[in-house]
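One structure is given below, encoded as structure tokens.
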Amino acid sequence: MTTYRDTGEMGAFGAVFEASPDPMLVLLPEEDRIADANAAAARLLGHGRPALRRARASALFPGQLAALTAFTQAVLAKGHWWTRTLAPRDAEGRDLRVETVAFPLPGEQMRLVVALADPDALHRRQVDGEAEAHMRAGLSEWQRMERIFRDIERGNQLILRAAGEGIYGVNAEGVTTFVNPAAARMLGCEAADLVGRDMHAAVHHTRADGSHYPHRDCPIYAAFRDGIVHQVDHEVFWRADGTSFPVEYTSTPIRDRGRLLGAVIVFRDISQRREAEARLTSALAEVDSLRERLELENAYLKEEIRAERQHQGIIGRSPAIAATLRQVDLVAGTDATVLITGESGTGKELIARAIHEASRRSARPMIRVNCAAIPRELFESEFFGHVRGSFTGALRDRIGRFELADGGTLFLDEVGEIPLDLQGKLLRVLQERSFERVGEARTRAVDVRVVAATNRDLRAEVRAGRFREDLYFRLNVFPIQARPLRERPEDIPPIALHLLRVAARRLTVPEPRLSEGDVRRLCRYPWPGNVRELENVIERAVILSAGGRLRLDLPDGEATGPTDPAAPAAAPGGRPATEAERRARDRAEIVAALSLAGGRVSGPGGAAELLGLRPTTLASRIKAHGIPRG
């Protein structure tokens with residue numbers, strides 16, 4: 001490789017030409033000759049300067065005479081031109097990928113100043129380095145530039161034209177002294193339209209929020225008043241067409257012999273960076289929202305696990321349960337709102353969960369809200385969420401239950417406990433399927449299937465003025481009544497057996513045996529607390545059990561001990577049992593015995609033996625009660 005050694009030769013085209021870090025040539029197109037090349041050009045091309053001065057211009061661009069001619073004509077016609085189609089060849093025969101910028105020199109002889117730059121690396125590095133030096137190097141560098149601007153205007157114009165940043169100068173009165181092509185292009189006007197004008201009034205008159213920007217507050221003007229370099233990255237410049245764009249800029253004061261003459265401003269259009277930052281911020285906010293949603297869903301799952309739901313499904317074979325399951329099958333496939341009514345402990349949440357799991361929304365969560373447990377002042381936040389700072393204690397954005405249940409089911413337990421003045425807000429969401437978070441004007445659409453439950457008589461609440469009639473009608477689209485346990489005694493034995501197994505497994509004790517006498521006693525009790533009370537009784541009996549024997553401790557005098565099968569069944573309130581009640585309890589005892597015996601009627605351990613009946617007698621009673629076999 002031919003290496004160029006700087007011999008201290010000086011050309012005839014000035015100090016800027018000699019000292020420029022940009023490779024530069026002076027071409028004589030009419031003579032097809034290179035008049036001069038600076039040191040940077042000699043290094044780039046690998047030829048000595050004397051060799052370059054003797055070379056033909058067309059030889060530097062072999063095979064590109066037509067393109068070189070067209071480029072020359074464009075420069076002469078427009079006064080300044082650039083291209084990336086020309087590729088000069090270096091001393092090793094490599095075609096260099098460069099951007100070629102040229103402009104003519106004044107004079108009778110046709111001369112072109114040509115600058116060569118790497119469009120992707122060298123050009124940006126050198127221009128950025130020059131800009132960075134001007135922005136940060138200090139006053140001595142700017143004093144040198146001021147002298148260059150005064151004494152060598154030609155070199156000044158070359159630097160200004162080559163720079164990719166916008167550069168302009170202002171004097172101590174704020175009047176523009178020069179504007180480079182990049183600045184004019186970004187500001188959407190000709191440089192001549194800006195020179196001699198008050199630059200602040202032209203491009204910096206208004207803040208990003210639309211408010212007036214006084215001259216006295218402008219950091220650009222402050223530079224030639226306080227002599228300090230001002231760097232700003234949060235303002236906008238205004239184009240000639242009235243649009244604005246975000247900029248970062250440095251305003252550096254210019255001094256001459258200690259006197260502040262003005263300032264040079266170097267700025268960049270950072271629109272793309274701001275857009276990228278906005279997209280990133282939006283993406284991070286979306287990720288944060290999804291993360292919070294997943295965390296909340298996980299919290300609800302843990303809450304359900306801690307609640308230790310005993311039933312994976314609805315247990316029972318009574319006509320009441322069969323009717324409930326038919327209703328579940330009918331409504332599950334729709335998005336109709338369901339109102340489940342019934343006493344406490346009757347399994348209203350189990351019905352709601354069965355509806356959800358049989359619906360098309362089963363892949364999304366069912367979110368439970370205990371309306372009775374929400375403080376009045378937190379109702380809106382709990383249901384609809386809030387944004388940070390919307391009220392005291394709102395330290396971060398929060399997703400509400402409606403948004404969390406989007407695509408799934410929202411189970412409003414104890415819906416009759418919602419205060420009257422807050423019921424209208426719930427009604428609006430049910431009607432419009434949209435809501436706003438507390439403290440936010442944005443309306444959010446939501447796709448939620450609502451299932452409500454209550455142990456109150458909502459019709460009576462409406463008549464008493466404690467529940468909105470329109471909300472009642474909105475909720476009561478498909479009513480389901482959860483029957484109390486006393487109305488379906490035949491379901492007591494299978495539920496008791498299930499609860500017994502669950503309690504023994506949870507308490508890690510051997511599973512006690514549920515005897516026929518235990519079943520009779522359970523079926524005789526009226527269960528005012530329904531399944532929840534039965535669950536508590538069974539768990540207490542498992543804890544008290546000894547030697548595999550279950551010790552039932554029923555309220556109201558019912559205590560552990562042998563029970564006389566022949567003793568008359570007591571009805572609620574101490575009155576004698578009616579025939580219907582007696583038959584229902586008889587049927588429940590037979591069902592329980594069959595369950596304990598695994599469906600066997602006769603033989604050792606069979607249901608007949610457990611009940612003390614002959615197998616033929618039990619078979620006839622099974623038929624009479626319509627009890628299914630197997």
- For Cys218 and His204, work out which heavy atoms get closest and say how close. SG-ND1, 3.4 Å
- Should we count CD of Gln272 as having more than 12 external heavy atoms under 6.0 Å? no
- Message: Holding to side-chain hydrogen bond (donor to acceptor under 3.5 Å, both in side chains), I want the full list of residues that pass it with Arg273, two or more places apart in sequence or in another chain.
- Response: Glu248
- Task: Of all the heavy-atom pairs spanning Pro253 and Ile228, show the shortest one and how long it is.
- Result: CD-O, 3.8 Å
- Any side-chain donor-acceptor pair under 3.5 Å between Ser359 and Arg361? no
- Taking atom CD of Glu190 as the centre, does the number of heavy atoms from other residues, nucleotides or ligands within less than 6.0 Å exceed 12? no
- Task: Mark yes or no for whether Arg274, through its side chain, and Pro246, through its backbone, hold a donor-acceptor pair below 3.5 Å.
- Result: no
- Message: Whether Arg398 and Glu382 form a salt bridge (side-chain N of Lys/Arg under 4.0 Å from carboxylate O of Asp/Glu) is what I want to check.
- Response: yes
- Item | Sole candidate of Glu165, Arg268, Glu235 that passes side chain to side chain donor-acceptor pair (under 3.5 Å) when paired with Tyr249 | Glu235
- Asp406 side chain vs Asp447 backbone, donor-acceptor pair below 3.5 Å: yes
- Item | Pro214 versus Arg207, closest heavy-atom pair with distance | CD-NH2, 4.0 Å
- Query: Got Phe435 and Val446 here, is their nearest side-chain heavy-atom distance under 4.5 Å?
  - Reply: yes
- Query: Is a salt bridge present between Glu403 and Arg444, judged by a nitrogen-to-oxygen distance below 4.0 Å?
  - Reply: yes
- Would you call Asp36 and Arg49 a salt bridge, using N to O less than 4.0 angstrom? yes
- Query: Would the Tyr168 and Phe178 ring centres measure less than 6.0 Å apart?
  - Reply: no
- Do His200 and Tyr213 have their ring centres less than 6.0 Å from each other? yes
- With under 30° as parallel and over 60° as perpendicular, where do the rings of Phe384 and Phe379 fit, or are they tilted in between? perpendicular
- Is the gap between the ring centers of His205 and Trp238 under 6.0 Å? yes
